[in-house]
J.: 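Before anything else, here's the structure in question.
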Amino acid sequence: MSRSDLYARFYEIIQKIPYGRVATYGQIAEMAGFPGYARQVGYALNASPGDLDLPWHRVINARGMISIKSGGPYANVQRLLLEAEGIEFDQKNRLSLKKYRWDPEISRGS
DNA sequence: GCAGTGACTAGTA
DNA sequence: ATACTAGCCACTG
């Protein structure tokens, strides 16, 4: 299993996250068949080329917060993109995983 | 090969 | 609820 295969697997899962929904790093790693690889999911996104049309902004940490180091150019972009999809943040910049977390078992069909 | 690092997490206090 | 710790594992120097 090469690095690019691993990353490609993560991208594959991330592209399935529906509009207006989010998934955690650990969740994506697990769905890709690599439980415990949460950090690598983040790393894969950091290294992802921009031309993949990947909904990277729908990937957040297990606490429902944006994990990009504040001060970076993308931290604020992610929040704006999520809000544009109807996702609301509370006063602590945290969103409700209960409401917005992508559950493929429930969202199947359509 | 070793040591430090990080878009992570689950535990513990 | 918040803060800190210890695992985690690929990447980098």
Side-chain angles (χ1 to χ4, degrees):
Chain A
M1 175 65 71
S2 70
R3 179 194 65 171
S4 53
D5 287 336
L6 182 66
Y7 287 6
R9 196 68 183 280
F10 292 152
Y11 299 150
E12 196 178 332
I13 301 295
I14 293 167
Q15 283 181 333
K16 292 179 181 172
I17 305 174
Y19 180 97
R21 292 268 157 172
V22 298
T24 69
Y25 297 94
Q27 179 185 351
I28 289 165
E30 186 178 333
M31 290 174 64
F34 295 89
Y37 279 60
R39 303 196 81 135
Q40 280 59 254
V41 173
Y43 205 97
L45 286 178
N46 185 49
S48 70
D51 58 350
L52 282 184
D53 195 25
L54 209 59
W56 58 272
H57 56 283
R58 300 188 185 132
V59 184
I60 59 175
N61 67 24
R63 295 187 288 186
M65 303 179 72
I66 290 171
S67 277
I68 303 177
K69 202 189 284 186
S70 59
Y74 296 98
N76 199 48
V77 174
Q78 180 168 15
R79 162 137 184 187
L80 292 175
L81 286 171
L82 289 173
E83 288 179 330
E85 297 188 356
I87 293 175
E88 298 177 353
F89 289 78
D90 63 15
Q91 295 181 349
K92 296 164 196 155
N93 298 320
R94 195 151 55 87
L95 59 80
S96 171
L97 286 174
K98 272 298 191 188
K99 286 186 176 182
Y100 302 115
R101 195 188 84 116
W102 172 41
D103 188 339
E105 295 299 316
I106 293 177
S107 65
R108 72 188 181 286
S110 77

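Here is how names work: the chains are called A, B, and so on, in the same order as the sequence lines, proteins then strands, and each is numbered from 1.
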J.: Taking side chain to side chain contact (heavy atoms under 4.5 Å, CB included) as the definition, give me every residue that meets it alongside Y7(A), ordered by chain and number, with sequence neighbours left out.
T.: R3(A), F10(A), Y11(A), Y43(A), A44(A), A47(A)

J.: Is Y37(A) close to L6(A) at the side-chain level, that is, under 4.5 Å between some pair of heavy atoms?
T.: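 Touching, per the 4.5 Å side-chain cut-off.
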
J.: Heavy atoms only, 4.0 Å cut-off, all strands: where does Y7(A) land among base, sugar-phosphate and nothing?
T.: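 Sugar-phosphate contact only - Y7(A) comes under 4.0 Å of backbone atoms but never of a base.
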
J.: Expressed as a whole number of angstroms, how long is the span from I14(A):CD1 to dC8(B):C1'?
T.: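 One finds 13 Å between C1' of dC8(B) and CD1 of I14(A), rounded.
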
J.: Find the distance Y43(A):OH to dT5(B):C1' and express it as a whole number of Å.
T.: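 Between C1' of dT5(B) and OH of Y43(A): 9 Å.
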
J.: Just the rounded figure in Å: distance from P of dC9(C) to CZ of R39(A).
T.: 11 Å

J.: Rounding to a whole Å, what distance do you find between Q27(A):CD and dT9(B):C1'?
T.: 14 Å

J.: Between C1' on dA10(C) and CZ on F10(A), what's the gap in Å once rounded to a whole number?
T.: 10 Å

J.: Any donor-acceptor pair under 3.5 Å joining the side chain of Y25(A) to the base of dA7(B)?
T.: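 Yes, the side chain and the base share a sub-3.5 Å donor-acceptor pair.
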
J.: Could you give the distance from CG (L54(A)) to CD (Q15(A)), rounded to the nearest 0.5 Å?
T.: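 Here the rounded value is 5.5 Å.
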
J.: Find the distance between CD1 (I87(A)) and CZ (R21(A)) and round it off to the nearest 0.5 Å.
T.: 8.5 Å

J.: A cation-pi test, strictly: NZ or CZ of R9(A) under 6.0 Å from the centre of the six-membered ring of F34(A) and no more than 45 degrees from its axis. Yes or no?
T.: no

J.: Send over the distance from E30(A) CD to dC8(B) P, rounded to a whole Å.
T.: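 Distance check: E30(A) CD to dC8(B) P gives 17 Å.
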
J.: Indicate, with a heavy-atom threshold strictly under 4.0 Å, whether N46(A) touches base, sugar-phosphate, or nothing.
T.: base

J.: Tell me, which of residues 83-94 of chain A have any heavy atom that sits under 4.0 Å from an atom in DNA chain B?
T.: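 Nothing qualifies; none.
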
J.: Can you figure out which of dA10(C), dA7(B), dC8(B) approaches the side chain of L6(A) most closely?
T.: dA10(C)

J.: Once you round it to whole Å, what is the distance between P of dT2(C) and CE of M65(A)?
T.: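 Result: 9 Å.
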
J.: Would you say L81(A) and M65(A) are hydrophobically clustered, going by side-chain heavy atoms of ILVMFWY under 4.5 Å?
T.: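 Result: no, two separate clusters.
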
J.: Output the single nucleotide from dG6(B), dT9(B), dA7(B) whose closest atom is nearest the side chain of Q78(A).
T.: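 Out of dG6(B), dT9(B), dA7(B), the nucleotide with an atom closest to Q78(A)'s side chain is dA7(B).
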
J.: Roughly how far, to the nearest 0.5 Å, is the CD atom of E12(A) from the CG atom of D5(A)?
T.: 11.0 Å

J.: Report the distance from atom OH of Y37(A) to atom C1' of dA10(C), rounded to the nearest whole Å.
T.: 8 Å

J.: Could you check which of dG6(B), dC8(B), dT12(C) has an atom nearest any side-chain atom of Q40(A)?
T.: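 The answer is dG6(B).
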
